Every structure is written in structure tokens, then in C-alpha cells.
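A quick write-up on the structure given underneath.
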Amino acid sequence: MTIESLLVFLIVGAVAGWLAGQIVKGHGFGLVGNIIVGIVGAFLAGFLLPRLGLMIGGGIVAAIINAAIGAVILLVLIGLFKRAT
């Protein structure tokens, strides 16, 4: 993994985490929190969306949308678990 791909990975995670924070809670989680939420969301969406038959496409914008969808799902699931306990 090169430095450039790592930077793109972190930027996509940060933007997706921020977007998910805006959609679900109405605020972000800080830079590190947004990156973590975005990266975990990207992995979650990469696992779930193809199984549902959804393909967004290629490129950086598609990666951000894909990661943001996964991050929203992640935040909704976390919110459901917090309410249950």
C-alpha cells in the first residue's frame, strides 16, 4: 500500500464518517472518529451491498457513497444496541 492510497483511504473514511454523522445524529464525531466510522462502514457496505444486488460503481465518489451507506447502517445498529441496553 502506497502513501497515496493510504491518504485516499483515510480521506474517504473521514468524509463518509462525517456524512453518516450528519445523517444519523446531526453532528460529526471528530476527525479520528469519522475516519474509524467511515472505514468500518466501508467494510460493512462492501460485505452487505453486493449481497443485496446493489452496485454503485467505481471511482472516489462511489467509494464515498458506498462507505457512507455502510457507516449509516453501522451508526443505526449502534443506536439500536444502545437503546436496548
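Because the structure is a prediction, the values reported are computed rather than measured.
- Both L6 and L31 sit in one connected hydrophobic cluster of ILVMFWY residues. Membership requires side-chain heavy atoms under 4.5 Å apart, directly or through other members.
- Proximity of E4 to V8: side-chain heavy atoms (C-beta onward) are nowhere separated by under 4.5 Å.
- You'll find the side chain of I35 reaches within 4.5 Å of the side chain of I39, heavy atoms only.
- For CD1 of I3, the number of neighbouring non-hydrogen atoms (other residues, nucleotides, ligands) closer than 6.0 Å is 12 at most.
- A heavy-atom distance below 4.5 Å is found between the side chains of I69 and I56.
- For the pair L44 and L74, the tightest heavy-atom approach, listed with the atom from each and the gap, is CD2-N, 3.9 Å.
- By the rule that hydrophobic residues join a cluster once side-chain heavy atoms approach within less than 4.5 Å of another member, I73 and F47 end up as members of one cluster.
- V61 pairs by the side-chain contact (heavy atoms from CB on, under 4.5 Å) definition with I65, not counting sequence neighbours.
- Atom CH2 of W18 sits about 9.0 Å away from atom CD1 of I23, to the nearest 0.5 Å.
- Cation-pi check for R83 over F81 is not met; the charged atom does not lie both under 6.0 angstrom from the ring centroid and within 45 degrees of its normal.
- In terms of modelled atom types and a separation under 3.5 Å, the side chain of N66 and the main chain of A62 share no donor-acceptor contact.
- Closest of all the heavy-atom pairs between A16 and I64 is CB-O, 3.9 Å.
- Note that the CG atom of L10 and the CD1 atom of I36 stand 10.5 Å from one another [nearest 0.5 Å].
- Counting all heavy atoms, side chain and backbone alike, P50 lies closest to A45 at CD-O, 3.5 Å.
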